[in-house]
Amino acid sequence: LVSLGALIPLAWFARLAFFGPNVDGEALFGALGNSLVLATCGAAATLILSFAVAASARSKSWIGRAALFAANAGYAAPG
């Protein structure tokens with residue numbers, strides 16, 4: 001998640017900044033800011049959802065079991 005969401009886009013922007021023939025710094029840094037905001041929002045949403053699933057799973061209620069099932073189905077479906 002970190003490499004795909006942050007490191008690869010940052011490396012792409014660095015490559016453009018160092019090797020681009022006509023670099024528009026304002027557009028480049030605007031795009032860099034947008035990427036960092038999106039990466040931060042995605043990380044925050046993932047963290048909040050993981051805390052919610054962990055807290056509901058510890059409650060041993062039907063909501064906790066449903067949250068664990070949904071989380072496991074989300075991991076199992078792509079594979």
Side-chain angles (χ1 to χ4, degrees):
L1 181 64
V2 171
S3 65
L4 293 177
L7 295 179
I8 292 174
L10 289 175
W12 181 258
F13 287 129
R15 189 191 76 78
L16 287 176
F18 289 123
F19 301 117
N22 297 325
V23 177
D24 182 11
E26 186 175 327
L28 183 65
F29 288 116
L32 174 64
N34 289 340
S35 289
L36 290 176
V37 167
L38 287 174
T40 302
C41 290
T46 302
L47 184 67
I48 290 168
L49 287 173
S50 67
F51 280 146
V53 168
S56 64
R58 290 179 61 118
S59 69
K60 301 289 185 193
S61 67
W62 68 272
I63 295 174
R65 289 192 302 272
L68 281 177
F69 177 77
N72 289 331
Y75 283 117

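Residue numbers start at 1 and run along the sequence shown. Values below: every heavy atom of this structure, side chains too, minus hydrogens, waters and symmetry copies. These figures come from a predicted structure and were not determined experimentally.
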N/O donor to acceptor pairs below 3.5 angstrom from side-chain atoms of residues 11-19, sequence neighbours left out:
none

**Item:** Residues which pass side chain to side chain contact (heavy atoms under 4.5 Å, CB included) with L49, listed by chain and number, not counting sequence neighbours
**Value:** none
**Asked** So which residues get pulled into I48's cluster when ILVMFWY side chains under 4.5 Å apart are joined, directly or through others?
**Response** none
